[in-house]
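Below: the structure, in structure tokens.
Hydrogens, waters and symmetry mates play no part in the numbers below; they use all other heavy atoms, side chains included. The first residue of the sequence shown is numbered 1, and numbering continues consecutively from there.
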Amino acid sequence: AARHGCRVVALAHSLDDQAETFLQRLFRGTGPAGLAGMKRSSPTAFGPESDLVLRRPLLGIRRQLIRTALQEHGMAWREDASNAGSDYTRNWLRNEVLPLVCQRFPDATESIFRTTGLIQEQQRWLESLATVWRDHYVRLEQGGMTVRQPHPDARAVAGLDRDRTLIIAACRAQWDELGWPRGEMTMRRWRQVAGAILHAASDEHETVTARAPGSDRDVGGGAEGQNADTRDWSAELPGGIQVRLGTDAVAFRRRTGLD
């Protein structure tokens with residue numbers, strides 16, 4: 001599509017696809033952002049400089065209704081041969097799990113779809129707060145970014161600047177904007193990142209317990225909760241993201257030569 005100069009690619013994901021995506025991510029243990037499912041419009045994964053957009057205009061329509069409409073208009077569609085079996089997880093959910101659930105809860109597929117919509121609304125609210133947080137505390141630099149401490153006397157989002165959920169949402173968005181891979185960034189890793197940022201913002205009377213990203217070493221507070229002087233360490237996250245905790249900031253840089 002990009003080679004032909006296309007700006008938008010329309011996909012035929014249906015309401016049923018959204019329900020399957022939700023279940024698959026739920027069983028994998030994903031967080032709220034993953035449970036929000038597919039968006040009706042989203043950028044491609046070709047990096048921050050790509051302007052190619054994916055659109056899903058049929059996301060709220062049942063799969064069978066789409067097929068019926070195509071048949072009535074004499075239009076054929078392409079069906080992946082693997083869909084007939086249940087070897088892959090998504091096919092297993094489609095062919096076995098959802099039909100079984102719908103025997104007890106006939107509207108289960110539609111209910112799951114509504115749930116993803118509610119989660120998406122909450123995610124949009126969180127993302128708007130995360131944008132304010134990023135504008136206030138994140139400084140973009142060559143090769144990465146630096147997060148300054150969210151000081152109590154200069155808060156951008158009243159009462160939420162030191163909220164881990166908000167910090168994680170802001171860091172995820174910044175990762176995407178920088179084109180950094182986050183496929184292996186599990187929730188545990190994101191909590192470690194948030195813990196490091198909060199530790200940089202802590203004072204000598206405050207204990208913030210976190211693990212150094214990419215290691216099993218505690219940052220700030222031991223087993224008994226004593227404060228520790230760990231204001232100068234570095235580690236590496238998945239994707240070659242190097243993180244260094246300073247006196248009042250955390251610097252993130254990606255190793256060169258990884259693209």
**Prompt:** Are Leu11 and Phe113 co-members of a hydrophobic cluster defined by side-chain heavy atoms under 4.5 Å apart?
**Reply:** no

Any side-chain heavy atom of Asp176 sitting closer than 4.5 Å to one from Arg182?
yes

Original post:
Does Gly239 offer a backbone N or O that forms a donor-acceptor pair with the side chain of Arg254 under 3.5 Å?
Top reply: yes

Closest non-hydrogen atoms of Val53 and Ser41, given as atom of the first, atom of the second and distance, are CG1-OG, 3.3 Å

Evaluate side-chain hydrogen bond (donor to acceptor under 3.5 Å, both in side chains) for Trp77 paired with Glu79, printing each intermediate quantity in order.
CA-CA 6 Å; Trp77 66 89; Glu79 186 81 24; 3.1 Å; yes

Scanning both residues in full, the closest heavy-atom pair of Leu98 with Ala19 reads CD1-CB, 4.3 Å

Check for me, please, whether Leu59 and Phe22 land in the same ILVMFWY cluster - side-chain distances under 4.5 Å, paths through other members count.
no

Run Arg94 and Asp16 through salt bridge (charged side-chain N to carboxylate O under 4.0 Å, His left out) and show every step you take. CA-CA 8 Å; Arg94 175 185 303 158; Asp16 300 75; over 6 Å; no

task: Please check if atom CD in Glu184 has more than 12 non-hydrogen atoms from other residues, nucleotides or ligands closer than 6.0 Å.
output: no

- Query: Do the side chains of Arg134 and Val147 get nearer than 4.5 Å, heavy atoms only?
  - Reply: no

Spell out, as yes or no, whether a donor-acceptor pair under 3.5 Å connects the side chain of Arg25 to the backbone of Gly34.
yes

**Item:** 4.5 Å side-chain heavy-atom contact, Ile167 and Leu198
**Value:** yes

Looking only at heavy atoms, the pair that brings Leu52 and Cys6 closest together is CD1-O, 3.1 Å

In terms of heavy-atom contacts, Pro238 and Met185 come closest through CD-SD, 3.7 Å

Closest non-hydrogen atoms of Arg56 and Ser42, given as atom of the first, atom of the second and distance, are NH1-OG, 3.2 Å

| task | Is it possible for you to say whether Met38 and Leu54 belong to one hydrophobic cluster, with membership spreading through side-chain heavy-atom contacts below 4.5 Å? | result | no

What donor-acceptor contacts under 3.5 angstrom involve side-chain atoms of residues 123-132, with partners at least two apart or in another chain?
unit_1 : atom_1 : unit_2 : atom_2 : d
Ser128 : OG     : Trp125 : O      : 2.6
Thr131 : OG1    : Glu127 : O      : 3.0

For the residue pair Ser86 / Glu96, report whether a side-chain donor-acceptor contact shorter than 3.5 Å exists. yes

- Same cluster for Leu26 and Trp92 if Ile/Leu/Val/Met/Phe/Trp/Tyr side chains link at under 4.5 Å? yes

_In the structure I gave you, are the side-chain heavy atoms of Arg188 and Arg191 within less than 4.5 Å of one another anywhere?_
no

Original post:
Hey, are the side chains of Val250 and Val243 touching, using non-hydrogen atoms and a 4.5 Å cut-off?
Top reply: yes

Between Trp133 and Ala170 the two heavy atoms that sit nearest each other are CE3-CB, 3.5 Å

Between Asn91 and Asp87 (side chain of the first, backbone of the second, donor and acceptor by atom type, cut-off under 3.5 Å), is there such a pair? no

Ignoring hydrogens and geometry, is there a side-chain-to-backbone donor-acceptor pair from Asp107 to Cys102 under 3.5 Å? no

Please examine the side chains of Trp175 and Leu237, heavy atoms only from C-beta on, and report whether any two atoms are closer than 4.5 Å.
-> yes

- Query: Does a salt bridge link Glu20 with Arg63, judged by any charged N lying under 4.0 Å from a carboxylate O?
  - Reply: yes

Q | Check: Gln242/Arg253 side-chain N/O donor and acceptor closer than 3.5 Å | A | no

**Message:** Assigning hydrophobic clusters by single linkage (Ile, Leu, Val, Met, Phe, Trp, Tyr; side-chain heavy-atom cutoff under 4.5 Å), is Phe105 placed with Leu15?
**Reply:** no

N/O donor-acceptor pair under 3.5 Å between Arg90 side chain and Asp17 backbone: yes

| ring pair (Phe, Tyr, Trp, His ring centres under 6.0 Å) between Phe252 and Trp180, intermediate numbers included | CA-CA 11 Å; Phe252 299 87; Trp180 290 352; 7.2 Å; no

Is the side chain of Asp163 donor-acceptor paired with the backbone N or O of Leu166 at a distance under 3.5 Å, no angle test? yes

- Message: Within the structure provided, determine whether Arg67 and Ser14 are in side-chain contact (heavy-atom separation under 4.5 Å).
- Response: no

Take Thr89 and Phe27 through the test side chain to side chain contact (heavy atoms under 4.5 Å, CB included) and record every step on the way to the result. CA-CA 10 Å; Thr89 300; Phe27 295 150; over 6 Å; no

| message | Are the side chains of Leu140 and Gln174 in contact, using a 4.5 Å heavy-atom criterion? | response | yes

Check your understanding: With a 3.5 Å cut-off and no angle check, do the side chains of Arg139 and Thr146 form a donor-acceptor pair?
Key -> no

